[in-house]
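Heads up, the thing below is written out as structure tokens.
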Amino acid sequence: MKKILATGGTGYIGSHTVVELIQSGYEVDIVDNLFNSKATVIDEIFKITGKKPKFFKADLLNKEEISEIFANNHYDTVLHFAGLKAVGESVEKPLLYYRNNIEGTVNLLEIMQAHDVNEIIFSSSATVYGVQESPEYIETMQTGVGISNPYGRTKYFIEEIIKDQAIANDNFKAILLRYFNPVGAHPSGLIGEDPNGIPNNLMPIIMRVSDGRIPELSVYGNDYPTEDGTCRRDYIHVVDLAKGHTVCLNHLEKGVKIYNLGSGAPNSVMEIIAAFEKASGEKLPYKIVGRRAGDLAEFWANANKANKELNWSTELSIDDAMRDTINFLKNNKGK
Ligand code: NAD
Ligand code: UD1
């Protein structure tokens with residue numbers, strides 16, 4: 001069985017993936033600087049799986065710390081989740097994003113190379129597609145054109161860096177996973193999305209409106225060319241997304257493979273509000289405001305490649321995601 005290191009493993013997607021990996025029999029260590037997550041996630045992972053992953057509080061920007069982890073532990077594969085992801089902040093502080101995401105990744109790749117660790121699975125994003133003629137994004141489309149913010153560009157640049165590393169090293173095996181919009185929480189209610197600071201994405205904002213921390217949701221525009229006028233996105237349950245990583249561990253081959261991980265079916269903002277209200281039994285206060293700069297009317301994944309090659313597809317619905325989100329919210333009240 002492969003031994004895994006998950007960078008950013010106490011974060012939202014990382015923690016759910018660590019759970020799936022442990023439940024599939026893998027031994028997983030985590031490295032995270034806890035910038036956007038809490039060490040208590042390790043205890044929650046233990047409650048769910050009965051196993052406590054080894055945790056290193058360390059920063060990818062600190063090469064000495066990370067090198068020491070690799071010197072003292074053997075890893076077969078690195079799952080690289082660690083990164084900053086707030087789009088608006090990246091516009092205001094581009095150098096912070098280039099430093100953290102790109103330098104962090106280059107450090108990691110150098111240290112992997114020094115320790116003969118040749119397998120990486122990278123958390124990329126649908127954002128690398130930029131602006132396309134068709135809203136159904138497929139892996140063969142050109143990337144990097146029309147990306148509206150530095151965060152998105154870090155994902156595009158890192159993809160290119162990993163491709164170059166594979167060209168230069170015959171033994172290097174990489175999978176780039178382009179996530180669409182992750183939502184939901186673990187059905188146990190013990191882990192979920194719990195960002196430090198003010199969130200930017202739709203679901204964490206809805207969660208804060210629901211528990212009163214934010215007075216109402218601002219819906220960014222209802223004049224888009226979609227059925228109800230609000231933007232449509234491909235929301236994917238985080239547990240389905242996590243399982244997508246587990247299957248990839250059996251599909252690493254020399255070179256670079258790229259997969260979209262999405263459901264293939266988009267929902268509008270109004271549909272998400274309705275699904276949340278149905279699951280919670282409560283009205284969600286919202287108001288329609290102007291469009292958010294950089295938003296596209298709609299896009300979704302063509303997930304045929306992952307369906308066929310990985311034998312992976314989403315199993316959970318938006319209703320499942322809303323139920324699990326509400327369960328997580330209830331569980332975390334007063335924590
Ligand atoms: P998250 O913020 O919950 O998790 C990222 C983790 O990385 C955090 O725990 C943070 O503390 C850690 N981290 C950041 N910089 C670090 C550094 N220099 N050294 C060590 N640890 C560091 O985010 P997430 O939603 O779980 O996202 C995981 C990955 O997936 C990110 O790379 C993100 O860009 C990518 N992604 C996320 C989404 C989404 O909507 N959530 C969509 C597409 C891609
Ligand atoms: C955003 C980022 C994208 C990133 C992705 C996942 C932008 C332009 N794009 O995408 O780069 O990869 O998050 O991290 O920021 N919405 C509201 N009100 C809100 C928040 C969101 O109406 O308060 C709407 C948005 O207009 C959008 C939908 O909800 O239509 C989803 O928004 P969000 O969760 O931010 O994801 P994306 O816009 O897809």
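One is the number of the first residue; the rest follow in order along the sequence. As a basis for the values below, the full set of heavy atoms in this structure was taken, side chains included, without hydrogen atoms, waters or symmetry mates.
In this structure, the side chains of Asp29 and Phe55 stay at 4.5 Å or more apart for every pair of heavy atoms. Within the 4.5 Å cutoff, the side chain of Arg153 has no heavy atoms near those of the Tyr97 side chain. Looking at heavy atoms from C-beta onward, Lys243 lies in side-chain contact with Glu315 at the 4.5 angstrom threshold. Contact check for Ser210 versus Leu284: side-chain heavy atoms found under the 4.5 Å cut-off. Using a 4.5 Å heavy-atom cutoff, the side chains of Glu282 and Phe276 are not in contact. By the 4.5 Å heavy-atom criterion applied to side chains, Pro195 and Arg208 are counted as neighbours. Val78 is listed as a side-chain neighbour of Leu108, based on a closest heavy-atom distance under 4.5 Å. Counting heavy atoms from C-beta on, the side chains of Leu176 and Ile162 come closer than 4.5 Å.
Separation of atoms CD1 (Ile4) and OG1 (Thr17) is listed at 11.0 Å; rounding is to 0.5 Å. Rounding to the nearest 0.5 Å gives a distance of 11.5 Å between CG of Leu5 and NE2 of His74. For the atom pair CZ (Phe81) and OG1 (Thr10), the distance works out to 11.0 Å, reported to the nearest 0.5 Å. Note that the CG atom of Asp194 and the OG atom of Ser15 stand 10.0 Å from one another [nearest 0.5 Å]. Note: Lys54 NZ to Ile30 CD1 = 12.5 Å, rounded to the nearest 0.5 Å. In this structure, CD in Glu159 is found 5.5 Å from NZ in Lys163, a value given to the nearest 0.5 Å.
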May I have the step-by-step check of side chain to side chain contact (heavy atoms under 4.5 Å, CB included) for Asp43 and Lys52, ending in yes or no?
-> CA-CA 7 Å; Asp43 303 324; Lys52 202 167 206 163; 3.2 Å; yes
Dump the intermediate steps for side chain to side chain contact (heavy atoms under 4.5 Å, CB included) on Leu109 and Phe172, then the final yes or no.
-> CA-CA 10 Å; Leu109 291 168; Phe172 195 73; 3.8 Å; yes
Stepwise, does the side chain to side chain donor-acceptor pair (under 3.5 Å) test hold for Thr246 with Glu20?
-> CA-CA 7 Å; Thr246 315; Glu20 293 304 318; 5.4 Å; no
Applying side chain to side chain donor-acceptor pair (under 3.5 Å), run through Asn36 and Lys85 and close with a yes or a no.
-> CA-CA 10 Å; Asn36 199 34; Lys85 61 164 188 176; over 6 Å; no
Give the C-alpha distance, both sets of side-chain angles, the deciding distance and a yes or no for side chain to side chain contact (heavy atoms under 4.5 Å, CB included) between Ser24 and Leu21.
-> CA-CA 5 Å; Ser24 302; Leu21 291 171; 5.7 Å; no
Is there a side chain to side chain donor-acceptor pair (under 3.5 Å) between Ser263 and Asp234 once you walk through the steps?
-> CA-CA 6 Å; Ser263 71; Asp234 185 337; 2.7 Å; yes
Decide side chain to side chain contact (heavy atoms under 4.5 Å, CB included) for Asn200 and Ile205; before the verdict, give the C-alpha distance in whole Å, the side-chain angles of both, and the deciding distance to 0.1 Å.
-> CA-CA 7 Å; Asn200 314 264; Ile205 292 174; 5.5 Å; no
Would you please test Gln132 and Gln142 for side chain to side chain donor-acceptor pair (under 3.5 Å) and show each step?
-> CA-CA 9 Å; Gln132 302 284 344; Gln142 193 191 352; over 6 Å; no
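Classified by interplanar angle (parallel below 30°, tilted 30° to 60°, perpendicular above 60°), the ring pair Tyr129/Phe180 is tilted.
A salt bridge does not link Asp32 to Lys57: none of the charged nitrogens lies less than 4.0 Å from a carboxylate oxygen. Using a 4.0 Å cut-off between charged side-chain N and carboxylate O, Lys63 and Glu110 make a salt bridge. Glu253 has no carboxylate O lying under 4.0 Å from a charged side-chain N of Lys173, or vice versa, which leaves the two without a salt bridge. Using a 4.0 Å cut-off between a side-chain N of Lys or Arg and a carboxylate O of Asp or Glu, Asp170 and Lys254 do not qualify as a salt bridge.
Evaluation of the side chain to side chain contact (heavy atoms under 4.5 Å, CB included) rule for His115 yields Phe70, Ala71, Ile111, Val117 as partners, not counting sequence neighbours.
The number of heavy-atom neighbours closer than 6.0 Å to CZ of Arg213, taken from other residues, nucleotides and ligands shown, is above 12. Around CD of Glu160, the count of heavy atoms belonging to other residues, nucleotides or ligands within 6.0 Å exceeds 12. Remark: Lys93 NZ is loosely packed, at most 12 non-hydrogen atoms of other residues, nucleotides or ligands lying under 6.0 Å away. For Lys3, the NZ atom sits in a packed shell: over 12 heavy atoms of surrounding residues, nucleotides or ligands are nearer than 6.0 Å. More than 12 heavy atoms of other residues, nucleotides or ligands lie within 6.0 Å of CG in Asn250, so this atom counts as buried by the packing criterion. The local environment of CG in Leu61 is crowded, with over 12 non-hydrogen atoms from other residues, nucleotides or ligands closer than 6.0 Å. Other residues, nucleotides and ligands contribute over 12 non-hydrogen atoms within 6.0 Å of the OH atom of Tyr98. No more than 12 heavy atoms of other residues, nucleotides or ligands sit less than 6.0 Å from atom CD of Glu227.
Although no hydrogens or angles enter the test, the distance criterion places a donor-acceptor pair under 3.5 Å between the side chain of Asn307 and the main chain of Ala303. Checked by atom type and distance alone, the side chain of Trp312 pairs as donor or acceptor with a backbone atom of Asp240 at under 3.5 Å. A donor-acceptor pair is defined here as one N or O able to donate and one able to accept, closer than 3.5 Å; no such pair exists between the side chain of Glu139 and the backbone of Lys305. A side-chain donor-acceptor contact under 3.5 Å links Asn107 to the backbone of Leu60. Side-chain N or O atoms of Asn169 include none that pairs as donor or acceptor with a backbone N or O of Asn171 at under 3.5 Å. One N or O on the side chain of Thr154 and one on the backbone of Tyr151 form a donor-acceptor pair closer than 3.5 Å. A side-chain donor-acceptor contact under 3.5 Å links Asn149 to the backbone of Gly152. A side-chain donor-acceptor contact under 3.5 Å links Glu65 to the backbone of Asp59. The closest donor-acceptor contact from the side chain of Asn73 to the backbone of Ile69 lies under 3.5 Å. Checked by atom type and distance alone, the side chain of Arg178 never pairs as donor or acceptor with a backbone atom of Ser123 at under 3.5 Å.
In summary, the side chains of Thr314 and His237 do not present any donor paired with an acceptor at a separation below 3.5 Å, with no hydrogens or angles considered.
The shortest non-hydrogen separation linking Ile121 to Cys248 is CD1-CB, 3.7 Å.
The ring of His245 has its center no closer than 6.0 angstrom to the ring center of Tyr26.
Cluster membership for Ile161 and Ile147, using ILVMFWY side-chain heavy atoms within less than 4.5 angstrom, is shared. In terms of hydrophobic clustering, with Ile, Leu, Val, Met, Phe, Trp and Tyr side chains grouped at heavy-atom distances under 4.5 Å, Leu217 and Val87 are assigned to different clusters.
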Contacts table for residues 265-275: side-chain donor-acceptor under 3.5 angstrom, sequence neighbours left out:
residue : atom : partner : partner atom : Å
Asn267  : ND2  : Glu271  : OE1          : 3.1
Ser268  : OG   : Asp228  : OD2          : 2.6
Ser268  : OG   : Met270  : N            : 3.4
Ser268  : OG   : Glu271  : N            : 3.0
Glu271  : OE1  : Ser268  : N            : 2.9

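A cation-pi arrangement is present between Arg291 and Tyr224 under the rule of less than 6.0 angstrom and at most 45 degrees off the ring axis.
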